[in-house]
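What follows is a single structure, written as structure tokens, with notes after it.
Just so it is clear, the model here is predicted, and its values are computed rather than measured. Order of the sequence lines sets the chain letters (A, B, ...), proteins ahead of strands, with each chain counted from 1.
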There are 2 protein chains.
Amino acid sequence: MSAQITIKDIAKELEISPSTVSRALKDHPDISPKTKKAVNDLAEKLHYQPNSIALSLRKSKTNTIGIIIPEFVHFFFSTVISGIEDVAYEKGYNVIISQSNESYEREVSDTRSMVSHRVDGLLVSVSKETRDFSHFKELIERDIPLVFFDRMCSELNANSVVIDDFEAGFKAVEHLISTGKKNIAHLYGDLNLHICKNRYDGYRAALEKYGIPFNEDFAAYAGMLELDSAKELMNRLLDLPQRPDGVFAHNDVVAYGAMQAIKERNIKIPEEIGVIGFSDWQFSSLVEPGLSSISQSGFEMGQAAARMFLDQIENEDENYVPQTKVIPTKLVVRGSTVKQ
Amino acid sequence: MSAQITIKDIAKELEISPSTVSRALKDHPDISPKTKKAVNDLAEKLHYQPNSIALSLRKSKTNTIGIIIPEFVHFFFSTVISGIEDVAYEKGYNVIISQSNESYEREVSDTRSMVSHRVDGLLVSVSKETRDFSHFKELIERDIPLVFFDRMCSELNANSVVIDDFEAGFKAVEHLISTGKKNIAHLYGDLNLHICKNRYDGYRAALEKYGIPFNEDFAAYAGMLELDSAKELMNRLLDLPQRPDGVFAHNDVVAYGAMQAIKERNIKIPEEIGVIGFSDWQFSSLVEPGLSSISQSGFEMGQAAARMFLDQIENEDENYVPQTKVIPTKLVVRGSTVKQ
DNA sequence: CTGAAAGCGCTTACAG
DNA sequence: CTGAAAGCGCTTACAG
């Protein structure tokens, strides 16, 4: 990078001291109007831009929020980042982002790198590989503000912004039951992730509440976003002697994979089999029939996470007590569960 | 943020000088093995993390890439960022990202903020409001590496990574023509954006090449991602005395909106009207019929942009000549143009 | 009203 | 093999 104008350059040209330039630039009352004008005019002329790096070092404050997400290319995480950026920008914070690619090792190295960069705090959604949380524990021990969002860590007493996945899973299954379904399958995700485990538990609880016995054959592990493997999985369920009449999938892509398998056999949705997904992605309203889903606002979650970070920063209390915020979800009913 | 361990702390505890600690930490040959071991052991024990901010100031190099995009929540931009991050991470760069929200003013202020943060370079996709490019011109004048991606600025002689939107538009329309369509409508985007203008010009050129007269009624301005307004627009085209038998939309959401309008009138796709979109988003293969599209790899574009930046950084030449890289696109044929 | 000095955390040319 | 000094760009308590 070529030489940027510094306070020293301005001082030299005006034959005054850097201290005076610094003060003039920030409109310090001590400085004479004449000097102020001269400094500001020259600064403008030379396109002076203060060096935030120097400022950060001086103040031990970078005005930067570090974000670690599993992957950029999830629509949900894009909306979360957008929400974070929304409040960060307003408060004069920058965001520095990296993706763990769902790898534990990268998550650890990303965390170290953020600490090295002296971010003022970290907002993270945990990778699905992560089982050891000591890299986060260390942050807490060093009083580095940390907020988990969506994928939190229940072992640590830390800030988190989440949805109630249990309740949401429960709601989804209850909805299927309310449409008369009794043989309800659940295509679940990685149970190492609390969000998936809780959705699973919500499924079980809903069955129980309505006196529907749990059928082991109906609970099947589905990957993340693999349409084809979801389809294949659904095909196996359809081959069971007693096939399901309802499907709750842990995300919308998996749900849509299931729908495709069902449609290919000319089984009617929702009459013969009702399908509900999770997250309510962009395309869920576009497919046919429209996919019922549990909608969660990533934007709100991002805003809340950023605000929680700011709260902690501003709250200089020795004994800050970690918060947990639950963002409400909404059942969105479309043609895949109720004939439109 | 609580006190982080510094080199000074280690020096004090070991009763040696900070210089020696610094050297020991980087395995400088001058330092005795014994000192090295003592330093490294203590550093580990205290969880010493070098302060990158201090380093950046010292070296006038932040190892940070600034990214400015119009909006996070476009799938395409997520993939670009993912591509950038991919090569940046490998080379030890961090990315700092902000979104202009399609606002010229925010783009300008984002640019200033990035310069203040002394990013080593900027990767930007221009907001659709932007007509004045002097904030970017300034970067070039100051030799701050700058790479445009996707939405570039043709007035400036700057690095850019793009697709050939003209050729891609041409290909899309040629494909419709090859399926026997003759009355081809184009739902175009903001012509202030070169990408949209070029797609439009590609449309016109394809018509011309095949001797199809241009019908003004068939070229209509569609917004960005508004499904409903695209639908409404298509309805107007369907009400024309001579309705189109082919539609080329500047993005997939608009194309899908058109498809919905067509389907609601029970007009057959692709037999009566063929539809093709642009970008090939996640959902395009999921809708019914599958939406034909022009696929462009955002990931590749991101990688290329990051590499171009690195090239410029490494190339210390006084007279660096800006590069332009064109990422190939692919016509993806699905059921919306050819009966499957 | 202005300036010299110290310091944020680091590195490195220079000296011993 | 080790240390003191200077400097990256800034701010601010202290002195005048």
Pairwise distance OG1(T324(A)) to CG(N159(A)) - rounded to 0.5 angstrom
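If we round to the nearest 0.5 Å, T324(A):OG1 and N159(A):CG are 7.5 Å apart.
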
If you measure from OG1 on T62(B) to CZ on R118(B), what distance do you get to the nearest 0.5 Å?
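Reported value, rounded in 0.5 Å steps: 9.5 Å.
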
Check the distance between [N]'s [atom2] and [X]'s [atom1] and give it to me in whole angstrom.
X	N	atom1	atom2	answer
L25(A)	dG9(D)	CG	C1'	12 Å
L14(A)	dG3(C)	CG	P	10 Å
K61(B)	dT11(C)	NZ	C1'	16 Å
L55(B)	dC8(C)	CG	C1'	13 Å
N51(B)	dT11(C)	CG	C1'	13 Å
I31(A)	dT11(D)	CD1	P	12 Å
D27(B)	dT11(C)	CG	P	14 Å
L57(B)	dG7(D)	CG	P	14 Å

What's the gap between [N] and [M] when it is taken at their [atom1] atoms, as a whole Å value?
N	M	atom1	result
dA6(D)	dT2(D)	P	23 Å
dG9(D)	dA13(D)	P	23 Å
dC1(C)	dA5(C)	P	24 Å

Please work out if I16(A) contacts a base, only the sugar-phosphate, or nothing of the nucleic acid, heavy-atom cut-off 4.0 Å.
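Here I16(A) touches the backbone only, sparing every base.
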
Using a 4.0 Å heavy-atom cut-off across all strands, classify T35(B) as base, sugar-phosphate, or nothing.
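Since only primed, P, OP1 and OP2 atoms lie under 4.0 Å of T35(B), the category is sugar-phosphate.
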
May I ask you to verify if any side-chain N or O of [X] is less than 4.0 angstrom from the OP1 or OP2 atom of [N]?
X	N	value
Y48(B)	dC10(C)	yes
K8(B)	dG7(C)	no
S17(A)	dG3(C)	yes

Please determine whether a side-chain nitrogen of the Lys or Arg among R151(B) and E107(B) lies less than 4.0 Å from a carboxylate oxygen of the Asp or Glu.
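Looking at E107(B) together with R151(B), the answer is no, because their closest N to O distance does not fall below 4.0 Å.
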
Both I53(A) and E15(B) contact DNA chain D. Which one's nearest nucleotide lies toward the 5' end?
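Its nucleotide being nearer the 5' end, the pick is E15(B).
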
Do the side chain of [X] and the main chain of [Y] share a donor and acceptor less than 3.5 angstrom apart?
X	Y	result
Q312(B)	Y320(B)	no
S60(B)	S56(B)	no
N101(A)	S103(A)	no

Polar atom pairs (N or O), protein with nucleotides 12-16 of chain C, under 3.5 Å:
| unit_1 | atom_1 | unit_2 | atom_2 | d |
| --- | --- | --- | --- | --- |
| dA13(C) | N6 | R23(B) | NH2 | 2.2 |

May I ask you to check whether over 12 heavy atoms, not counting those of K128(A), lie within 6.0 Å of atom NZ?
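Result for NZ/K128(A): enclosed.
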
Run the side-chain hydrogen bond (donor to acceptor under 3.5 Å, both in side chains) test on H194(B) and S154(B) for me, step by step, so that the C-alpha distance in whole Å, both residues' side-chain angles and the decisive distance to 0.1 Å come before the verdict.
CA-CA 8 Å; H194(B) 277 82; S154(B) 58; 2.8 Å; yes

Complementary nucleotide for dG3(D) - Watson-Crick or wobble, under 3.5 Å:
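In the structure as shown, dG3(D) has dC14(C) as its Watson-Crick or wobble partner.
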
Identify which nucleotide among dC1(C), dT11(C), dC1(D) has an atom closest to any side-chain atom of S32(B), counting heavy atoms from C-beta outward.
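Between dC1(C), dT11(C), dC1(D), the one nearest the side chain of S32(B) would be dC1(D).
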
